[in-house]
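Here is how names work: the chains are called A, B, and so on, in the same order as the sequence lines, proteins then strands, and each is numbered from 1.
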Amino acid sequence: MTAPAIELKGISKAFGPVQANKDISIRVSPGTIHGIIGENGAGKSTLMSILYGFYKADKGEIWIHGKRTEIPDSQAAIAAGIGMVFQHFKLVENFTVLENIILGAEDGGLLKPSLSKARKTLQELAREYELNVDPDARIDEIGVGMQQRVEILKALYRQADILILDEPTGVLTPSEADQLFRILDRLRAEGKTIILITHKLREIMEYTDTVSVMRRGQMTATVKTAETNPEHLAELMVGRKVLLRVDKVPAAPGKPILEIENLNVVDEAGVARVKNLNLTVRAGEIVGIAGVAGNGQSELLEVLGGMREGQGTIRLNGNPLPLSGKGSDARARRASHVAHVPEDRQREGLIMDFHAWENVAFGYHHASEYQSGLLMNNAALRADTEAKMEKFDVRPPDPWLAAKNFSGGNQQKIVVAREIERNPDLLLIGQPTRGVDIGAIEFIHKQIVELRDQGKAVLLVSVELEEILSLSDRVAVMFDGMIMGERPADQTDEKELGLLMAGVAGEAA
Amino acid sequence: MMDFLTLIQVLDSTVRLATPLLLACLAGLFSERAGIFDIGLEGKMLMAAFFSAAVAATTGNVWLGLLAGVASSLVLAGLHGLASITFRGNQLISGVAINFLAAGMTVLIAQDWFQQGGRTPSLISGGRFEPITLPFANAVEGVPILGPIYSELLSGHSILVYLAFLAVPATAWILFGTRFGLRLRAVGENPAAVDTAGVSVVGLRYAAVMICGLLCGIAGAYLATALQAGFVKDMTAGRGFIALAALIFAKWRPWHALGACLLFGLLQAVALRFQNIELGSIVIPVQFMDALPYILTVVILAGFVGKAIPPKAGGEPYVKER
Amino acid sequence: MDKMPKWADVVLIPLISLILAALLSALVILGIGEDPIAAVKLMVSGALGSTYGWGYTLYYATNFLFTGLAVSVAFHARLFNIGGEGQAMLGGLGVALVCLYIPWPHWSLALIFASLGAALFGAAWAAIPAYLQAKRGSHIVITTIMFNFIAAAVLNYVLVNLLRPVGSMDPATARFPEAVHLPSLHELLAPLGIAFSKSAPANVSFVLAIVACFAVWLLIWRTKLGYEIRAYGNSEPGALYAGISPVKITMIAMLISGGLAGMMATNNVMGEAERLVLNSTEGAGFIGIAVALMGRSHPFGVFLAAILFGFLYQGGAELALWTSIPRELIVVIQALVILFTGALDNMVRVPLEKAFLALRREKA
Amino acid sequence: EPALIFDLGGKFDKSFNEAAFTGAQRWAEETGESFREIELQSEAQREQALRRFAEAGANPIVMAGFAFADALGQVAGDYPDTKFVIIDMVVDAPNVRSVVFNEHEGSYLVGMLAAKASKSGTVGFIGGMDIPLIRKFACGYAEGVKAVNPDATVIANMTGTTPAAWNDPVKGSELTKAQISQGADVVYAAAGGTGVGVLQTAADEGILSIGVDSNQNHLHPGKVLTSMMKRVDNAVFQAFSDGPDLQTGFSVMGLSNGGVGFAVDENNASLITDEMQAAADDAAAKIATGEISVHDYMSDDSCPALSF
Ligand SMILES: Nc1ncnc2c1ncn2[C@@H]1O[C@H](COP(=O)(O)OP(=O)(O)OP(=O)(O)O)[C@@H](O)[C@H]1O
Ligand SMILES: Nc1ncnc2c1ncn2[C@@H]1O[C@H](COP(=O)(O)OP(=O)(O)OP(=O)(O)O)[C@@H](O)[C@H]1O
Ligand SMILES: [Mg+2]
Ligand SMILES: [Mg+2]
């Protein structure tokens with residue numbers, strides 16, 4: 001047996017108080033695709049970044065092709081033949097493709113010769129792997145799919161024979177993803193070793209040779225893909241049996257609560273994000289918006305929540321809401337009984353340095369029950385917080401703890417408690433269970449369903465198809481800013497939605 | 001309003017006054033292109049002005065003075081690097097501190113060394129950079145128009161002036177024609193890209209900050225040993241900030257920096273020479289001329305005349321691990 | 001988990017930074033051939049050893065309280081207001097106009113309106129950078145620096161060409177009328193039977209500054225507006241999400257900041273000089289930065305830091321008077337304080353965090 | 001113990017403040033006693049400096065510069081037992097001595113010398129802060145020039161309108177260059193520290209300069225035509241010598257009592273011909289006796305010989 005292409009022994013890494021990796025060991029055979037799965041925050045990216053020399057491990061050894069190798073920085077990793085495509089691309093936005101590719105791998109002190117040499121090499125690589133990109137295009141002018149190609153080309157240009165890809169398909173359409181996997185297949189056939197981090201069990205099952213599962217900073221198992229199944233992997237990931245469906249009675253939709261007509265949103269860069277969108281959400285139903293990240297779902301939620309401006313018409317209980325200018329901000333939305341659980345709780349939903357009790361007022365700090373005269377009634381706020389913490393089982397139930405000191409799931413519970421307890425007519429909820437453990441997922445799902453059952457409208461956005469399918473009553477798929485199609489949740493499946501998500505029009509599917 | 005000879009004179013003093021601005025502006029350009037904001041240009045110049053004058057005064061050798069000035073500026077640059085690169089502190093605060101440090105230390109040391117109320121003794125010849133007469137300058141003086149332009153405007157500056165002007169193409173070439181320049185620009189835009197490409201962010205940024213120190217050092221030495229003959233307290237008189245303004249005005253580009261510095265130099269030259277300028281019935285007070293560079297910069301910053309977009313990673317320490 | 005306890009963050013770190021700055025300052029004094037211990041003794045006796053010294057210390061502290069609070073309020077909204085100097089200069093103009101052109105029956109009335117005038121002018125001077133930051137994204141640090149210079153030019157013009165009394169050679173306004181003379185601490189304390197130096201300039205503005213401290217504390221930690229300022233300062237996307245307008249908060253925070261900086265003029269212009277002179281701010285706007293950094297942007301911390309800097313200023317003046325140590329020594333000390341408490345914060349913080357973490361691991 | 005307060009230009013401005021310092025120094029050497037001194041850092045400190053010295057018991061307290069007038073007006077009354085001496089300005093208080101100089105007379109003499117030394121018939125004047133006091137210098141100078149050569153051109157520039165103008169050598173240097181380009185071959189600097197730049201540039205460019213207040217001939221030997229001596233040093237020396245009992249009131253120092261004059265020493269001996277010296281001495285005598293009357297700009301804020 002040949003030596004493993006990569007062997008990690010006892011890798012540990014802490015970020016301050018967070019133990020991201022704990023004593024991790026793993027072997028990857030040459031010429032294989034090795035998958036790594038695990039929940040958000042399990043430590044996958046950290047582990048790979050250590051292999052690539054981006055972080056330095058606190059403990060542990062790295063062996064490459066049977067040789068103990070010190071990788072103090074990325075330069076050493078590159079020298080050892082490792083290339084990595086990060087979850088968040090590492091490209092210089094105002095440089096051209098060519099400049100990005102030679103950065104750090106120039107020949108000699110002058111740019112001209114390096115650039116012309118790289119241009120030639122790039123042409124060869126493009127031909128060989130069907131990786132066509134315009135070498136003179138600026139990164140900020142090309143799409144994410146293209147940017148990912150640049151990242152792969154960067155690695156190939158440096159003659160990597162071990163390629164790490166961190167969640168490469170999260171931003172790709174299914175067809176772009178298929179093309180990526182064709183390239184990966186070809187690379188594997190050439191004897192290159194590939195590590196693939198992904199959340200998608202389908203990709204693991206279809207394309208990998210072996211798979212490792214991480215949970216809470218530890219490696220829980222490494223198995224041959226052929227010898228396992230999705231349920232088993234899911235169980236390994238979360239540490240217990242996964243309940244994939246939500247218990248709920250069939251919906252009894254009532255009058256329309258939210259009506260969206262011809263909504264358009266243009267972002268700061270002038271790109272149209274939402275295009276002529278029409279959608280209705282009725283009382284007593286949960287409408288799920290599915291789609292690949294970046295197809296306008298976030299902007300839709302933000303417009304509805306009053307975080308950005310748009311054009312078109314939206315009505316709440318029949319009354320039009322302004323989409324720009326006065327009265328279009330989040331405060332006005334809350335005043336008209338729209339609650340919003342944002343997609344990114346740490347960036348938007350919470351002020352991480354505020355105490356829990358301050359966060360419970362966040363967005364509702366104008367509410368009369370929180371005031372006493374000109375000042376804020378902090379005592380009332382704290383009492384309210386204690387009540388909510390109790391009801392939502394926030395742990396620890398300490399109003400004085402800063403938001404950043406709660407775990408992800410408990411942070412989410414604080415946000416959900418704040419929004420749902422306002423008893424809104426419409427709940428906007430984005431990625432409700434991202435990075436939240438399974439117990440909390442069940443709890444949060446239950447709260448959402450309960451709200452629906454009280455006759456409220458819920459608009460759910462999630463990139464997790466499973467969550468969409470199990471929680472919604474009706475599913476709308478967004479692609480390129482438009483609704484590609486709507487389906488009752490119990491009359492569709494992942495396959496059909498996947499096609500819609502790729503922009504294949506509903507009728508054809 | 002102005003006859004030709006006066007015009008030449010004003011332009012001549014524009015060149016002299018633009019020189020320290022230009023050197024400091026290019027200094028800032030290197031630093032900020034690498035993502036390190038530097039509002040401490042003023043302090044570095046001041047420190048260099050003092051040490052160059054002090055050493056030139058004691059040794060009588062202006063080159064030793066220049067060396068000392070540059071060295072002292074490099075020390076402050078290193079301090080800025082330490083604070084903003086190694087310890088990932090706030091670059092603006094570090095710059096503020098450096099300005100104060102220089103303002104205080106120069107007077108303190110000057111008083112200790114020379115007991116002349118915070119100044120150095122006046123420099124005598126040998127201790128100063130003398131004007132250089134370009135070849136044939138005297139011969140062509142009589143030629144109309146071109147003669148004075150060559151002999152008055154172009155000739156007769158100290159070597160540092162020519163050095164400053166040569167630094168412009170050099171900077172442009174380094175930035176856009178070399179590997180170092182590519183990496184430098186990249187580290188100011190996205191240090192993570194540089195890091196993952198296997199190049200040291202810290203090394204690049206220190207290099208940039210040190211080049212900044214070098215150029216500020218020359219600028220300061222020019223002030224004390226060429227433009228003037230010795231150091232007086234606070235002699236930079238806000239030039240570091242005007243250079244910063246010019247840098248923004250130039251949108252962080254070397255050739256534009258030359259233009260901006262010449263413009264600001266011209267404003268200074270005009271303000272120096274004329275108290276109030278009468279344009280028909282309007283009198284432009286000298287204070288307005290003094291403030292004009294700052295006003296122009298604010299206008300540029302406001303984006304009314306083309307938006308000035310700083311390097312993306314500028315001002316942010318590169319933090320990998322929270 | 002927090003990396004270390006709160007007290008370490010607000011007390012231990014500034015204290016260590018301060019000690020480091022003090023040690024280096026001592027080295028500097030040694031370097032210029034003087035005795036640091038004697039210097040400190042002289043500073044202490046000169047600044048705190050008599051009511052005269054205290055009068056000056058508190059006078060300077062009053063200036064720094066206003067500018068320190070100004071920087072702090074902006075800091076809470078994550079705005080770095082380096083323009084305190086210019087705002088205070090313009091505040092002086094506001095005070096001068098109010099005092100010179102309106103006949104006041106009593107100083108108390110004059111003080112109220114002079115404060116308003118000062119705040120108004122200071123706020124106005126902060127308004128343009130604030131607007132440009134809020135609406136056009138112009139870096140407020142750079143614009144406020146530019147505005148300091150522009151303020152100096154404006155004041156220069158006004159004093160030389162407009163407000164200078166005929167026949168006077170000073171670029172300064174006329175002396176304010178006797179009616180707007182603010183009671184000094186001497187006059188204030190005399191009825192209480194406390195004999196305070198007659199010639200020290202500390203005056204009733206000190207009380208005003210303390211009131212401002214309390215008001216800022218209430219504003220930041222007890223009002224909706226303060227809540228919004230802090231929320232915006234912590235997270236701009238968060239603010240948007242909560243319906244807090246970044247434009248509004250940027251404007252308001254900077255207006256309050258500029259207003260506070262401007263109000264410094266009640267002390268130095270109205271209370272001390274009783275006329276507006278060039279450069280009456282004497283760099284207090286910049287010291288506000290150090291004061292806010294040291295005081296961790298908390299009014300109580302700002303109060304302590306302002307007193308400390310008042311002491312340094314008065315002590316430094318005494319040094320310059322009685323020894324050959326130039327007054328610039330305090331500029332150096334100020335630089336070191338800013339350097340250590342501001343820019344080199346992590347130098348102290350990181351090892352300390354590690355130590356606390358290790359300590360906790362050991363306990364666990 | 002007497003005390004001396006310097007104005008913003010600083011003790012070593014080689015000019016006005018330095019003259020005051022020289023006087024104090026001479027007193028200290030002759031009496032073996034010591035005095036207190038402080039250099040101001042800013043406008044706002046004037047009053048503090050005065051009070052601090054008065055509190056500490058310094059007496060008399062001498063301040064060099066007109067800008068102290070306002071602060072002194074405030075402080076003098078609070079310390080009736082302390083004697084104050086202010087130079088260049090009049091403050092009316094029982095415990096203040098106000099010393100003013102007839103700068104126009106001294107300037108007249110150096111103006112004559114300038115006109116005689118000038119080959120181009122154009123001479124320059126560079127003042128510091130644009131205030132009546134400095135115009136008084138300029139006016140006397142211009143009259144002196146015109147007295148020798150009625151066709152001569154006098155170019156006058158002021159450095160600025162704020163105290164910063166006393167300490168701006170770069171601007172002094174630029175103004176000198178400008179005047180040279182307009183044909184001036186002698187420049188007279190009455191500009192405190194700014195004059196250092198004027199004299200430097202004049203020397204660099206090979207024209208003659210005239211110093212002010214102190215004897216500045218030595219700064220560039222052979223290149224400084226002469227210096228208009230304003231005996232601030234004498235005024236300070238006198239005040240210190242008089243001690244706490246000094247006579248208060250108004251004191252004028254002019255040609256008649258040696259308060260102003262022009263400097264001839266080994267550094268400029270070769271530049272001043274016997275004829276020049278004789279003419280100037282003659283004029284000095286006539287001014288002292290009142291035979292020649294030099295116009296004092298400050299008497300009516302106008303100057304017959306020069307327009308500003
Ligand atoms: N640079 C960093 N500084 C501090 N903590 C970090 C850093 N990067 C990651 N962490 C923490 O380390 C843990 C593991 O993070 P990591 O990014 O490796 O997870 P992951 O498995 O890649 O998750 P995801 O699926 O969301 O990408 C998390 O708790 C995270 O908050
Ligand atoms: N970036 C961070 N900075 C500081 N502390 C953190 C950070 N991320 C996590 N922690 C701490 O680490 C602990 C574990 O956080 P984490 O989000 O990984 O919890 P978890 O086990 O995934 O729980 P949950 O399932 O509720 O999300 C939290 O209690 C929190 O205090
Ligand atoms: Mg990851
Ligand atoms: Mg978690």
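The parts of F362(A) that come within reach of chain C are both its backbone and its side chain, each placing non-hydrogen atoms under 4.5 angstrom from that chain. The contact between I244(C) and chain A is made entirely by side chain atoms (from C-beta outward), counting heavy-atom distances below 4.5 Å. Heavy atoms of E228(C) lying under 4.5 Å from chain A belong exclusively to its side chain. The parts of L375(A) that come within reach of chain C are both its backbone and its side chain, each placing non-hydrogen atoms under 4.5 angstrom from that chain.
Top candidate by heavy-atom pairs under 4.5 Å with chain C, chosen from Q371(A), R308(A), E302(A), is Q371(A). Looking only at heavy-atom pairs under 4.5 Å with chain C, the residue among G305(A), A332(A), A14(A), P342(A) that has the most is P342(A). Annotation: maximal heavy-atom pairing with chain C below 4.5 Å, among E348(A), M352(A), R331(A), occurs at E348(A). Contact count versus chain C (heavy atoms, under 4.5 Å) is highest, among D353(A), D344(A), D329(A), for D353(A).
The aromatic ring centres of Y370(A) and H365(A) sit 6.0 Å or more apart. F80(C) has its ring centre less than 6.0 Å from the ring centre of F75(C).
To the nearest 0.5 Å, atoms CZ (R345(A)) and CG (L350(A)) are separated by 8.5 Å.
In this structure, R334(A) satisfies the cation-pi test against Y364(A), with its NZ or CZ atom closer than 6.0 Å to the six-membered ring centre and inside 45 degrees of the ring normal. A cation-pi arrangement, defined by a distance under 6.0 Å to the six-membered ring centre and an angle within 45 degrees of its axis, is absent between R78(C) and Y232(C).
Between S17(C) and V348(C), the shortest heavy-atom contact is OG-CG2, 4.0 Å.
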